[in-house]
Participant: 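Below you will find the structure I want to go over with you.
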Amino acid sequence: KSKSHHWKGYDFIPGCSPKATEYAYKNWTFREGDVFLVSYPKTGTNWAKEIMRQILYRSETLDKLTNLLPINLRVLEIDPCEKFKVWDELPLKRRLIGTHLPPELIDVERIKQANAKVVYMLRNPKDQIVSWQKFLQNLDLSDEIMEMVDSGWEKYFEHVVTGECPDGTKRGEWYPDHIRAWYKYKDYKNFYFLQYEEMKKDIIGEIKKLAQFLEVSLCEEDILKIANATSFSNMKASKTSDDNNHSHVLAVNMRKGEVGGWKNHFTVAQSEQIDAILEEKLNGVDIQFTYEL
Ligand code: A3P
């Protein structure tokens, strides 16, 4: 893992800034009404984010505002720390804040004091592993990272399970460590688990439960509209039609959107190895993964 890109012993994923994270940790104040979408990369973050954005911001103006924000920040290339000041000035009662950070780098006590909400997105780790390789292969990253993802499935798999792949965790750690760290906060009254596979099974039911957790009342028609607008094919079409750099990354992100694709890559031994690691690392963690539908 690259040495230049870390803070408090955590390696940051490409494109994420330790400096901005440290700035936010020390200076950024959370509010009641804030909603954190916490996830490990490639677990369905963008899908959940789009659904939550549509649940929280039903009005046209706010919709446009929040849509434009990340793109403008990139275009202007402002100092990443500045974005927190911009965020504070936006006329938003509810702020949707997506992060891949481990709890230690956010200071969860501050989230609790503000009474803010946390949604933790989960996906079965086998599909996540495949998705991360395919995603990184499409990016132009350092030689070190590209070698990890491009030297064949076997080697990539080893880098993942030994915790060497750049993923925002400490050296030697990976997805189950991220889950375990956040699971500690499961009893916080504003903590909610969302599962990719449950969303694939019953998106209407999942949107309803999520809206309830977010304390937003939606009519049946709203729910149907959100489900339709955030379907894989509709999200893919809208990301592909936007012509800018940020959308390019999002379009690459819309790969297959399925459950169980890992079977085309894993050997039986690799699958068993993951099962064994999860059993050990997630001992006492009451979460069931769904590996096929
Ligand atoms: P695959 O690579 O398996 O297709 P993240 O947003 O955390 O980076 O996760 C990306 C994964 O979520 C990708 O998985 C992507 O296809 C999937 N995804 C994105 N939007 C989706 C949607 N609307 N429905 C289902 N899956 C979606």
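Indexing begins at 1, ligand by ligand and atom by atom, following the structure's order. Atoms considered below: every heavy atom in the structure, side chains included; atoms not considered: hydrogens, waters and symmetry mates.
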Participant: What does the 4.0 Å heavy-atom contact list look like for ligand 1?
Facilitator: K42, T43, G44, T45, N46, W47, R123, S131, Y196, T230, S231, F232, M235, N253, M254, R255, K256, G257

Participant: Who are the ring pair (Phe, Tyr, Trp, His ring centres under 6.0 Å) partners of H159, not counting sequence neighbours?
Facilitator: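 Ring pair (Phe, Tyr, Trp, His ring centres under 6.0 Å) check on H159 returns nothing, list empty.
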
Participant: Has D143 got more than 12 heavy atoms of other residues, nucleotides or ligands less than 6.0 Å from its CG?
Facilitator: no

Participant: With rounding to the nearest 0.5 Å, note down the distance linking NZ in K186 to CD1 in I179.
Facilitator: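 Spacing of NZ (K186) from CD1 (I179) equals 14.5 Å.
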
Participant: Pairs in or reaching into residues 280-293: which pass side chain to side chain donor-acceptor pair (under 3.5 Å), with residues at least two apart or in two chains?
Facilitator: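 Of all non-adjacent pairs touching residues 280-293, those that pass side chain to side chain donor-acceptor pair (under 3.5 Å) are D177-K281, K263-E292.
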
Participant: Could I get the full list of salt bridge (charged side-chain N to carboxylate O under 4.0 Å, His left out) partners for K184, not counting sequence neighbours?
Facilitator: none

Participant: Taking the six-membered ring of Y10 as reference, does the cationic atom of K170 (NZ for Lys, CZ for Arg) lie under 6.0 Å from its centre and within 45° of its axis?
Facilitator: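 The answer is yes, since K170 meets both limits relative to Y10.
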
